[in-house]
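The sequence lines fix the lettering, A, B, ..., with proteins before strands; numbering per chain opens at 1.
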Amino acid sequence: MKKITELLETRIAEAINEVSGVDAPALVRPAADAKFGDYQANGVMAAAKQVKTHPRQLAEKVVAAMDISDICQPPEVAGPGFINLRLTDGFLAERLLGMHRDAERLGIDRAEMPQTVVVDYSGPNIAKQMHVGHLRSTIIGDCIARLYDFSGHNVIRQNHIGDWGTQFGKVILALWHLCMARKVHKSPYYEDDLKAIDSNKENTNKLYEICVQIRNRHNEDYLNDQVEEFGDANKIFGPFLDKLDTIIDDVWPDILKAYQFVNLLDEILIGMDLSIITRQKGDDKWEPVEIPYENLTRKITAMLQIGGQDNQQEVDAWGLIREKTMQHCEDIYHDLNVTLEHPRDTRGESYYNPVLPDVVTTLKSKGLAVESEGAMCVFPEGFTNKDGQPLPFIIQKSDGAFLYATTDLAALRFRLDELKAERVIYVTDARQALHFQMLFAAAKMAGWVDERITLEHVTFGAMLGADGKPFKTRTGGTVKLKDLLDEAIERAKGVVETKNPDLPAEQKAAIAKAVGVGAVKYSDYANNRNSDYVFSFDKMLAMDGNTAPYMQYAYARIKSIERKAAGKDVDIAKELDGIAALPLAEPAEKDLAKLLVRYDQAIAAAMAECRPNYLTGYLYDLAQAFSRFYTACPVLTAEPQHRPARLLLCDLTARTIRHGLSELLGIEVVEQM
RNA sequence: GCGCUCGUAGCUCAGCAGGAUAGAGCAUCGGUUUCCUAAACCGAAGGUCAGAGGUUCGAGUCCUCUCGGGCGCGCCA
């Protein structure tokens with residue numbers, strides 16, 4: 001079915017054109033206040049301005065010229081020139097029956113012109129657990145993908161994981177430490193070092209002392225690990241890597257700790273002026289070389305990115321780590337009910353690595369990439385730095401390494417050329433806005449993007465703690481997504497336990513999960529994505545207000561009615577099957593009905609601006625209207641002439657809530673709670 | 001310095017190409033249960049939409065300036 005606003009829009013715009021001769025949109029909106037009717041057309045006033053006439057008079061003429069009697073009661077002109085519209089009972093009933101007939105899609109049409117849409121979201125990093133910083137991208141992106149999917153577009157999800165770049169070296173180094181800790185020192189020294197560094201962060205002298213010890217041990221272990229030639233690692237590290245695939249599950253938690261250690265060390269070392277021995281290729285063989293300690297991970301990264309036979313072992317280890325990380329992410333996606341599937345939707349930075357040189361050569365040959373201060377840069381128009389100079393989009397560092405700008409260019413080109421994307425939506429936090437502006441500008445300069453293609457950066461703000469500062473654990477660490485979800489589920493479990501203690505344990509656990517995870521997701525969706533928002537378990541798990549539990553509760557109440565029907569000799573299927581007329585006498589019935597027929601519009605609004613909160617706002621209005629209806633209008637005990645209509649309202653409300661929550665937001669509904 | 005973004009009730013937030021008297025929830029005060037889940041519903045109170053100009057028949061929304069918060073601005077992602 002066509003959207004009601006669209007139907008009215010077309011008819012009224014025609015009338016405006018007929019009367020005034022201008023092509024002005026009718027601007028049909030749901031009425032600001034129910035007392036003005038159901039919808040209002042605001043476009044006449046603008047049209048009147050164009051033809052320089054009195055808006056009210058023009059509105060009267062438009063009303064006289066238009067024929068919408070099959071949809072609305074006779075319209076009224078109000079205020080400076082609003083046209084107020086009230087649906088006829090017959091039309092409203094017909095819409096509800098239309099939704100009833102097409103129960104799967106609730107009567108909502110697919111897009112007339114399906115597009116291929118790439119949605120880039122989530123993007124976790126390798127060798128790290130997902131943390132709260134990944135939550136918003138993951139679920140907002142997922143909602144956008146689901147919306148486009150439902151509308152009949154060809155959606156290609158892309159999980160652009162961080163599996164290349166500096167982490168590469170860090171992970172290998174973490175593995176190395178893990179290996180030495182186990183094989184040589186027989187103790188997880190990295191854990192002790194981690195603690196020591198943490199507790200001496202303020203004490204520079206002590207910190208330096210610790211780092212010197214770490215460096216000395218590191219050097220010693222490195223020099224000790226060779227069989228034939230310098231630094232061949234064939235004595236200790238090599239054999240360890242060879243059997244890594246058989247022990248990866250066991251050592252995984254330790255790898256993460258060692259990785260944390262390497263990360264922290266990387267930060268701390270800056271400015272300490274400590275050096276470390278590593279190797280570099282001489283004429284023909286490896287030679288020792290001393291480099292600044294803080295450069296070590298970058299050095300390893302650079303070596304490994306060169307690849308080749310020398311590094312095959314490490315590359316394989318890398319692959320293992322990557323798959324292991326993705327397993328963890330998949331678990332989270334499963335818990336979050338997110339539609340990303342590995343490996344189908346995974347194309348990370350490493351995927352584009354082979355074509356990065358070509359990206360640079362191509363841009364060079366087009367004269368777009370030029371050398372500046374040793375780095376290859378594109379200078380898109382209109383971007384300046386603090387000194388008013390053209391701002392570079394750096395695609396190759398002076399040491400020859402590539403950056404995320406290069407990878408993003410390669411990925412964009414791939415999505416346009418190979419995936420045939422007509423729309424590419426990037427879901428990342430707002431801090432990257434400048435990067436994407438420049439990325440899009442550079443791609444356009446390169447001629448990769450024609451006018452039919454839309455590139456979109458969907459931004460979002462930060463998650464804050466109760467203190468208004470970035471959301472962290474009590475000790476200041478990042479909050480792991482897994483822990484966050486577990487706590488939400490645990491809290492929800494407590495509520496279920498007090499409210500409904502008699503349910504079977506298994507069912508209580510399922511409810512707790514649906515409510516807990518749903519609450520976390522919903523509270524994020526319900527905020528305007530651009531604002532930073534304050535994370536609060538108490539608020540998101542409240543039964544009052546715009547929350548997942550409130551919505552789930554409304555759904556559960558309807559399901560409860562359905563369960564009770566049999567006991568009261570009501571055959572719902574039979575009553576709905578033959579339904580033809582819908583006498584909606586009670587105000588609460590009508591209010592609910594009028595909201596039900598607006599679901600399509602809510603979806604369209606949410607999609608147009610990639611704003612899930614338009615959808616949650618609608619669902620909340622709907623659930624509220626249902627709760628009022630539920631209080632005011634008995635269903636099962638209603639008079640026989642009223643009951644089928646009420647059963648239909650219940651059924652459509654349940655379907656709409658379930659569709660909105662479960663299909664579009666990925667939030668589970670429950671039969672009981 | 002330039003750019004992006006935000007500033008709406010005591011608190012947390014909505015407000016969908018400018019539209020009628022700016023809305024929720026929490027907190028506060030009051031009411032509703034022999035009846036399908038009261039995890040609910042109804043009502044009261046609460047606002048100079050940061051401030052000042054401007055455009056417009058009409059501005060929380062658009063423009064200019066000011067104040068305040070967050071973020072970004074050459075080799076991290």
Determine the interatomic distance between [atom1] on [N] and the same-named atom on [M]; round to the nearest Å.
{"N": "C63(B)", "M": "C26(B)", "atom1": "P", "result": "36 Å"}
{"N": "A17(B)", "M": "A59(B)", "atom1": "C1'", "result": "15 Å"}
{"N": "U55(B)", "M": "U64(B)", "atom1": "C1'", "result": "11 Å"}
{"N": "C65(B)", "M": "G43(B)", "atom1": "C1'", "result": "44 Å"}
{"N": "G72(B)", "M": "A77(B)", "atom1": "C1'", "result": "14 Å"}

Searching all strands shown, indicate the nucleotide that pairs with [N] (Watson-Crick or G-U wobble; both distances under 3.5 Å).
{"N": "C75(B)", "value": "none"}
{"N": "C36(B)", "value": "none"}
{"N": "C49(B)", "value": "none"}
{"N": "C11(B)", "value": "G25(B)"}
{"N": "G30(B)", "value": "C42(B)"}
{"N": "C4(B)", "value": "G70(B)"}
{"N": "G60(B)", "value": "none"}

With no angle test and no hydrogens, is the base of [N] tied to the side chain of [X] by a donor-acceptor pair under 3.5 Å?
{"X": "Asn84(A)", "N": "A20(B)", "answer": "yes"}
{"X": "Lys564(A)", "N": "U37(B)", "answer": "no"}
{"X": "Tyr404(A)", "N": "A77(B)", "answer": "yes"}
{"X": "Arg557(A)", "N": "A38(B)", "answer": "no"}

Interatomic distance, [X] [atom1] vs [N] [atom2] [rounded to whole Å]:
{"X": "Gln672(A)", "N": "A40(B)", "atom1": "CD", "atom2": "P", "value": "17 Å"}
{"X": "Tyr620(A)", "N": "C16(B)", "atom1": "OH", "atom2": "C1'", "value": "19 Å"}
{"X": "Lys559(A)", "N": "A39(B)", "atom1": "NZ", "atom2": "P", "value": "21 Å"}
{"X": "His131(A)", "N": "A77(B)", "atom1": "NE2", "atom2": "P", "value": "16 Å"}
{"X": "Tyr618(A)", "N": "A24(B)", "atom1": "OH", "atom2": "P", "value": "18 Å"}
{"X": "Lys386(A)", "N": "C71(B)", "atom1": "NZ", "atom2": "P", "value": "15 Å"}
{"X": "Asn527(A)", "N": "A14(B)", "atom1": "CG", "atom2": "P", "value": "5 Å"}
{"X": "Asn613(A)", "N": "G23(B)", "atom1": "CG", "atom2": "P", "value": "19 Å"}

- Task: Could you tell me whether the side-chain ring of Phe36(A) sits stacked on the base of A20(B), using a centroid cut-off under 5.5 Å and a plane angle under 30°?
- Result: yes
- Ring centroids of Phe82(A) and A20(B) base under 5.5 Å with planes under 30°: yes
Min side-chain heavy-atom separation [X]-[Y] under 4.5 Å:
{"X": "Asn527(A)", "Y": "Phe460(A)", "value": "no"}
{"X": "Leu541(A)", "Y": "Thr547(A)", "value": "no"}
{"X": "Glu586(A)", "Y": "Arg646(A)", "value": "yes"}

- Item | Any residue meeting side chain to side chain contact (heavy atoms under 4.5 Å, CB included) with Val370(A), in chain and number order, not counting sequence neighbours | Phe379(A)
Base, sugar-phosphate or nothing for [X]? Non-hydrogen atoms, less than 4.0 Å.
{"X": "Cys610(A)", "result": "nothing"}
{"X": "Ala78(A)", "result": "base"}
{"X": "Lys35(A)", "result": "base"}
{"X": "Val635(A)", "result": "base"}
{"X": "Gln40(A)", "result": "base"}
{"X": "Pro549(A)", "result": "nothing"}
{"X": "Leu636(A)", "result": "base"}

Among [options], which nucleotide has an atom closest to any side-chain atom of [X]?
{"X": "Ser560(A)", "options": "C13(B), A20(B), U37(B)", "answer": "U37(B)"}
{"X": "Leu391(A)", "options": "A24(B), A14(B), C73(B)", "answer": "C73(B)"}
{"X": "Arg563(A)", "options": "U12(B), C36(B), U37(B)", "answer": "U37(B)"}
{"X": "Tyr550(A)", "options": "C75(B), C41(B), A14(B)", "answer": "C41(B)"}
{"X": "Asn385(A)", "options": "G74(B), C36(B), A17(B)", "answer": "G74(B)"}
{"X": "Ala375(A)", "options": "A77(B), C71(B), C75(B)", "answer": "C75(B)"}
{"X": "Asn500(A)", "options": "A14(B), C75(B), U37(B)", "answer": "U37(B)"}
{"X": "Thr631(A)", "options": "A40(B), G19(B), U37(B)", "answer": "A40(B)"}
{"X": "Glu373(A)", "options": "U37(B), G25(B), C75(B)", "answer": "C75(B)"}
{"X": "Leu434(A)", "options": "G74(B), C36(B), C73(B)", "answer": "C73(B)"}

- Task: Look at the aromatic rings of Trp164(A) and Phe168(A) and report parallel, tilted or perpendicular, splitting at 30° and 60°.
- Result: perpendicular
- Task: For the pair Phe535(A) and Phe537(A), name the ring-plane relationship: parallel under 30°, tilted 30 to 60°, perpendicular over 60°.
- Result: perpendicular
- Item | Reported NZ-to-CG distance for the pair Lys521(A) and Leu665(A), which is rounded to 0.5 angstrom | 7.5 Å
- Message: For His457(A) and Phe440(A), I'd like to know if the aromatic rings sit close, meaning centre-to-centre distance below 6.0 Å.
- Response: no
- Task: Please find out if less than 6.0 Å separates the ring center of Tyr404(A) from that of His160(A).
- Result: no
- Might you work through the side chain to side chain contact (heavy atoms under 4.5 Å, CB included) test for Tyr426(A) and Leu412(A), ending with a clear yes or no? CA-CA 10 Å; Tyr426(A) 292 85; Leu412(A) 179 51; 3.6 Å; yes
Short side-chain N/O contact to [N] OP1/OP2 from [X], under 4.0 Å:
{"X": "Lys397(A)", "N": "C76(B)", "answer": "yes"}
{"X": "Arg611(A)", "N": "A14(B)", "answer": "no"}
{"X": "Asn528(A)", "N": "C16(B)", "answer": "no"}

- Identify, between Leu503(A) and Asn530(A), the residue whose nearest nucleotide on RNA chain B lies closer to the 5' end. Asn530(A)
- Report yes or no: is the cationic atom of Arg557(A) (NZ for Lys, CZ for Arg) closer than 6.0 Å to the six-membered ring centre of Phe626(A), at no more than 45° off its axis? no
Please produce a list of atom pairs where a protein N or O lies less than 3.5 Å from an N or O of nucleotides 55-62 of chain B.
none

- Specify the closest pair of heavy atoms between Ser122(A) and Thr138(A), including all atoms of both residues, with the distance to one decimal. OG-OG1, 2.9 Å
